[in-house]
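Only one structure is covered here, and it is reproduced in the block below.
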Protein chains: 2
Amino acid sequence: MELDERKKIILKAVIRNYLETGEPVGSRTISKYTDLNLSSATIRNEMADLEEMGYILQPHTSAGRIPSDQGYRFYVDTMMEEKDREFVELKEMLLERQDKMETLLKQVAKVVAQNTQYAAMISAPSTHRNKVKFIQLSRLNPEQLLAVIVVEGNVIKNNIIPIADDISDENLLKLNILLNTQLNGLTMEEINLGIIAALKQQAGVHGSLIGEVIDAVGDAIKADDDPEIYTSGTNNIFRYPELTDNGRASELVGTFEEKQQLGSLIQESLEADPGTGIQVYIGDEAPIKSMKDCSVVTATYELGEGMKGTIGIVGPKRMDYDKVIGTLRTIQSKLDELYKKE
Amino acid sequence: MELDERKKIILKAVIRNYLETGEPVGSRTISKYTDLNLSSATIRNEMADLEEMGYILQPHTSAGRIPSDQGYRFYVDTMMEEKDREFVELKEMLLERQDKMETLLKQVAKVVAQNTQYAAMISAPSTHRNKVKFIQLSRLNPEQLLAVIVVEGNVIKNNIIPIADDISDENLLKLNILLNTQLNGLTMEEINLGIIAALKQQAGVHGSLIGEVIDAVGDAIKADDDPEIYTSGTNNIFRYPELTDNGRASELVGTFEEKQQLGSLIQESLEADPGTGIQVYIGDEAPIKSMKDCSVVTATYELGEGMKGTIGIVGPKRMDYDKVIGTLRTIQSKLDELYKKE
DNA sequence: TGTTAGCACTCAACTCGAAGGAGTGCTAAC
DNA sequence: GTTAGCACTCCTTCGAGTTGAGTGCTAACA
């Protein structure tokens, strides 16, 4: 069977109505709601078809219809194609460029959660593809060196390196020059074991000490800080009984604490990004079991210089997709503006 | 009226029983539970007295008794006096000394939450009283300096300082020497505006540029990183209906996300610490409104060099105080061991 | 005087059935 | 193809009745 124009209108009306009220939608409501001027009986026939086709379903025999996952998917797909969403005016917007990335990200998560009334999460941009701008080794004391590495985007990494023997100022200076000339301009991704080995060779036969230090610097660069993810508005899930009834709240709250699980979701969305930067996962489509009754909308953001991160919004399937996507687009562009001048 | 020995035994029996079952305790239960060999009628008389004295209360006329806040307080106080708690064997213990403080703290929170089955939080040790070990300014590029400050305990702070004019290598070297000779050995707390002003004077009439840089270094030192607090096991609160019924879960989950509120609680417990390092807040005693139906147990820990932080456990009032306090004591000593050798 | 048995009473929790109502599917007529 | 009408379904709500745990009080007992 085909989804003819009238069925589409009815389907959309059902979904819109359900998004607003959260209650199953009956045929009489649709009959009044739309300007199709059809009786409820006719609508009933159409709705029976739509149910057979899998777009809507009945919680029980004598109830109205609610959208199925397939129905939501249809709605999201056609909506996204149909019109470019307008930007949304954000309330309590207070995004300023921050010294600390962390502060900014927490702010963004908060603004998003407050504006949408869903749970929000945000991942720190990966710096793997950022270029090393500056490396410095300093002697803290005879047993410890301090390595400071600055990459584009002013992300700073520190590492304290324990050393077996003291190192002379001269050697330290040489080492600093060597590291900077050889590594500056490379991305963290590019600095692999081969390059480290080559470095060691160039450092000459200064003995194992230098080798150790170079290894430690390499480690510091590669060190994959576990995925930094910040969340906000977790308690917004309590606004939606379908997410919290039957003790499901516990599972969801737990998931929001397990940053690793959220990380996998964000990873997935980065990989699957078709270019629009926005993706919608409905129910089982998200790779996290505890979110099977949720919808997740993710957006890739960019903070200049190719630093990409992801914002995610988690809410009930009857989420206000328009508003959420609008909010995310707005945030995307604000962040873009904020860091354009760099 | 006095709390005679028999009343104490009965009160403890009521509390113990309620901690185990979570159900109001009736007189017949006590009559069998204790070896007082008293009939339920006698117990009823005693319980009526205890209620009048405020140690227990009835949810409704025909129900058993549950402990009041005052009752819990009595229980905790006498228990804590009576015996030194034994340490508790921790399950899934995996505490290793970590390069990153953050990783360790998250681990501790997780271990505590898993072992107690309550919600746990931990604050990063304050470094205000730690001494500055090392300061270094480096030139990133003509417009930016990088300030790196290392304090005892190997805590590293970074700051990028924008400068109006380029600075010569010579001046930078001088500045570094000045900063290190003047500030090393002082605690972050001690470095106030007066000292900064004195520094500026010593730097001479090098003009406003140097002054600005010194100010920025001062700011970097004082910069109060907002209280780093990590939580784990938030979803454990769902194990206790009295915390989650009537939509109270939302408020609690929200509180666990608002690190600032948790910070005030931790601050309060640091200030009130009588020396034992362990404190119990029952109901309203904690300074956070949303925790009025909870008990909070806090413990101060120390990571060598006077770096003190706080661990907190939040659960229902009918918390297994013995186990919780034992767990915290165990953690305290493990952390102490872990960092003793520094 | 303290303890106990006995009894009437209270009140939350559970069960059950009836009533109400929203909504459907089907049929027959337009 | 559309619609009015009607029987049917099934969730929800409500009140009544029942149950059972537990109490407070009284009177008797050691």
Side-chain angles (χ1 to χ4, degrees), chain A residues 1-11 13-15 17-18 20-68 71 241-242 245-246, chain B residues 1-11 13-15 17-18 20-68 71 241-242 245-246:
Chain A
M1 210 180 317
E2 267 295 290
L3 247 196
D4 61 34
E5 204 51 41
R6 198 169 74 179
K7 284 196 172 58
K8 282 187 194 172
I9 293 173
I10 293 173
L11 176 53
V14 170
I15 297 177
N17 206 284
Y18 185 68
E20 270 177 33
T21 64
E23 299 285 308
V25 185
S27 53
R28 233 178 86 79
T29 313
I30 299 298
S31 163
K32 286 185 294 181
Y33 195 79
T34 61
D35 41 8
L36 287 171
N37 287 321
L38 292 174
S39 76
S40 60
T42 312
I43 303 288
R44 275 203 289 285
N45 289 330
E46 294 287 46
M47 280 166 89
D49 288 349
L50 283 170
E51 179 162 10
E52 204 183 332
M53 294 161 81
Y55 289 102
I56 54 182
L57 41 85
Q58 267 180 305
H60 55 85
T61 334
S62 67
R65 306 305 215 285
I66 63 174
S68 67
E242 64 262 49
D245 282 356
N246 300 100
Chain B
M1 206 182 317
E2 267 296 290
L3 246 196
D4 61 33
E5 204 52 41
R6 199 170 74 179
K7 283 197 171 58
K8 281 188 194 172
I9 292 174
I10 293 173
L11 175 53
V14 170
I15 297 178
N17 206 286
Y18 185 67
E20 270 177 34
T21 66
E23 300 284 309
V25 185
S27 53
R28 234 179 85 79
T29 312
I30 299 297
S31 163
K32 284 186 294 181
Y33 193 79
T34 61
D35 39 8
L36 288 170
N37 287 322
L38 292 174
S39 77
S40 61
T42 312
I43 304 287
R44 273 202 291 283
N45 289 331
E46 294 287 44
M47 280 166 88
D49 289 348
L50 284 170
E51 179 162 10
E52 203 182 332
M53 295 160 81
Y55 289 103
I56 54 182
L57 42 85
Q58 268 180 306
H60 55 86
T61 333
S62 67
R65 305 304 213 289
I66 62 175
S68 67
E242 64 262 49
D245 282 356
N246 300 100

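Note that the structure is a prediction, hence the values are computed from the model and not measured. By convention in this document, chain letters (A, B, ...) are assigned in the order of the sequence lines, proteins followed by strands, and residues within each chain are numbered from 1. All values below come from the heavy atoms of this structure, side chains included, with hydrogens, waters and symmetry mates left out.
For the side-chain contact (heavy atoms from CB on, under 4.5 Å) test, residues two or more places apart in sequence or in another chain that qualify with A:Ala41 are A:Ser39, A:Arg44. For A:Asp4, the side-chain contact (heavy atoms from CB on, under 4.5 Å) criterion is met by A:Arg6, A:Lys7, not counting sequence neighbours. The salt bridge (Lys or Arg N to Asp or Glu O under 4.0 Å) search around A:Arg28 returns none, not counting sequence neighbours. For A:Thr61, there are no side-chain contact (heavy atoms from CB on, under 4.5 Å) partners two or more places apart in sequence or in a different chain. Evaluation of the salt bridge (Lys or Arg N to Asp or Glu O under 4.0 Å) rule for B:Glu51 yields B:Arg65 as partners, not counting sequence neighbours. Take A:Glu242 and apply the salt bridge (Lys or Arg N to Asp or Glu O under 4.0 Å) test, not counting sequence neighbours, and it matches A:Arg318.
When all heavy atoms of B:Leu57 and B:Ser68 are compared, the closest pair comes out as CD2-CB, 3.7 Å. Residues A:Val25 and A:Val14 approach most closely at CG2-O, 3.6 Å, considering heavy atoms. A:Pro24 and A:Pro59 make their closest contact through CG-CG, 4.1 Å (heavy atoms, listed as atom of the first residue, atom of the second, distance). Contact between B:Ser27 and B:Ser40 at its shortest, heavy atoms only, is CB-O, 3.6 Å. Residues A:Thr34 and A:Ala13 come closest through the heavy atom pair CG2-CB, 3.6 Å.
The distance from atom CD1 of B:Ile66 to atom C1' of D:dA21 is 16 Å, rounded to the nearest whole Å. Rounded to an integer number of Å, the gap from CG of A:Leu36 to P of D:dT2 is 10 Å. The nearest whole Å value for the distance from the CG atom in B:Asn17 to the P atom in D:dG22 is 10 Å. Protein atom CD1 of A:Ile10 is 13 Å distant from nucleotide atom C1' of D:dG1, rounded to whole Å.
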As a quick check of understanding, evaluate side chain to side chain contact (heavy atoms under 4.5 Å, CB included) for A:Asp49 and A:Glu46, giving each step before the final call.
CA-CA 5 Å; A:Asp49 288 349; A:Glu46 294 287 46; 3.6 Å; yes
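When the shell of 6.0 Å around CG of B:Asp35 is examined, it contains 12 or fewer heavy atoms from other residues, nucleotides or ligands.
Across residues 26-33 of chain A, not one residue has a non-hydrogen atom less than 4.0 Å from an atom of DNA chain D. Taking every heavy atom of residues 39-46 of chain B and every atom of DNA chain C, pairs under 4.0 Å involve B:Ser39, B:Ala41, B:Thr42, B:Arg44, B:Asn45, by number.
The stretch residues 33-56 of chain A participates, sequence neighbours left out, in these ring pair (Phe, Tyr, Trp, His ring centres under 6.0 Å) pairs: A:Tyr55-A:Phe74.
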Restricting to nitrogen or oxygen on both sides, can you table the protein-nucleotides 10-12 of chain D pairs closer than 3.5 Å?
residue, atom, partner, partner atom, Å
D:dC10, OP1, A:Thr61, OG1, 3.0
D:dC10, O4', A:Ser62, OG, 3.1
D:dC10, O2, A:Ser62, OG, 3.1

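Five base pairs at each end of the helix from C:dT1-D:dA30 to C:dC30-D:dG1 define two local axes, and these are offset by 20° (rounded to 10°).
The backbone N or O of B:Asn17 sits less than 3.5 Å from a side-chain atom of B:Thr21, completing a donor-acceptor pair.
Heavy-atom contacts of chain B under 4.0 Å fall on DNA chain C between two terminal nucleotides, which in 5' to 3' order are C:dT3 to C:dA12.
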